[in-house]
S.K.: 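Here it is, the structure in full.
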Amino acid sequence: MKSEPSTYSIDDLEREGKTQWEGVRNYQARNFMRDEMKIGDLVLFYHSNTKTIGVVGIGKVCSEPYPDHFAQNKKSAYYDEKSTKENPIWFMVDVCFVEKFKKTITLSEIKENKILKGMKLVQKGMRLSIQLVLKKEYEEVLKML
DNA sequence: GCCAACGTTGGC
DNA sequence: GCCAACGTTGGC
């Protein structure tokens, strides 16, 4: 799961222990979150759009998917008039803190790792903020610590 | 700050 | 249904 650290960083998650992953406004990412995520799923936490880009820690899905009520909040940056309480369009999960790495596993390191060349993250044009990571990819990333 | 790549919107 | 225009993402 990607996040811009200026918006929400691994340090924020460590401090809070748990957060709502609101604001996903992309259908593919929503579908993945809504249909595939289960409580206990482990998450690579990725910092994008920052000085040191890469995987910075681990989180865990700690709720069922549920409607993103920020979409009904007119004051929220994530407000979407098409999403109603009766017919919510957008969904989110809660993410809990597991671990913050001592170092960032950078995007360039991941790009250099042949075992990870199939990772969604390094596919051309892949901008999705939530991506499936295969078990072997997950384990390989952790080996790079 | 630039810009490529992608997604969404809306006219036709 | 096509596609141009526009907005966003995100690496560099």
S.K.: Taking DNA chain C as the partner, which of residues 24-36 of chain A come within under 4.0 angstrom of it by heavy atom?
M.R.: none

S.K.: Check this for me, if you would: do Arg15(A) and Asp12(A) make a salt bridge, where the nitrogen-to-carboxylate-oxygen distance has to be below 4.0 angstrom?
M.R.: yes

S.K.: Salt-bridge test for Lys100(A) and Asp11(A): reply yes if a basic N is under 4.0 Å from a carboxylate O, no otherwise.
M.R.: yes

S.K.: Do you see a donor-acceptor pair shorter than 3.5 Å between the side chains of Ser108(A) and Thr106(A)?
M.R.: yes

S.K.: Say whether Glu22(A) and Tyr8(A), considering side chains only, have a donor N or O and an acceptor N or O under 3.5 Å apart.
M.R.: no

S.K.: In whole Å, what is the span from the NZ atom of Lys82(A) to the C1' atom of dG7(B)?
M.R.: 13 Å

S.K.: With 3.5 Å as the limit, what N/O pairs link the protein to nucleotides 8-12 of chain C?
M.R.:
{"from": "dT8(C)", "atom 1": "O2", "to": "Arg127(A)", "atom 2": "NH1", "distance (Å)": "2.9"}
{"from": "dT9(C)", "atom 1": "O3'", "to": "Arg127(A)", "atom 2": "O", "distance (Å)": "3.4"}
{"from": "dG10(C)", "atom 1": "OP1", "to": "Lys2(A)", "atom 2": "NZ", "distance (Å)": "2.9"}
{"from": "dG10(C)", "atom 1": "OP1", "to": "Arg127(A)", "atom 2": "O", "distance (Å)": "2.3"}
{"from": "dG10(C)", "atom 1": "N7", "to": "Asn49(A)", "atom 2": "ND2", "distance (Å)": "3.3"}
{"from": "dG11(C)", "atom 1": "OP1", "to": "Tyr46(A)", "atom 2": "OH", "distance (Å)": "2.6"}
{"from": "dG11(C)", "atom 1": "OP2", "to": "Asn49(A)", "atom 2": "N", "distance (Å)": "3.0"}
{"from": "dC12(C)", "atom 1": "OP1", "to": "Lys111(A)", "atom 2": "NZ", "distance (Å)": "2.9"}

S.K.: Check Glu140(A) with Lys136(A), please: is the shortest side-chain N to carboxylate O separation under 4.0 Å?
M.R.: no

S.K.: Salt-bridged, Asp68(A) to Arg30(A), with N to O below 4.0 Å?
M.R.: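 The answer is no: the pair does not qualify as a salt bridge.
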
S.K.: Please report, to 0.1 Å, the donor-acceptor pairs under 3.5 Å made by any side chain of residues 86-97 of chain A, with sequence neighbours excluded.
M.R.:
{"from": "Trp90(A)", "atom 1": "NE1", "to": "Asp80(A)", "atom 2": "OD2", "distance (Å)": "2.8"}
{"from": "Asp94(A)", "atom 1": "OD1", "to": "Tyr66(A)", "atom 2": "OH", "distance (Å)": "2.4"}

S.K.: For the rings on Trp21(A) and Phe70(A), is their centre-to-centre separation under 6.0 Å?
M.R.: no

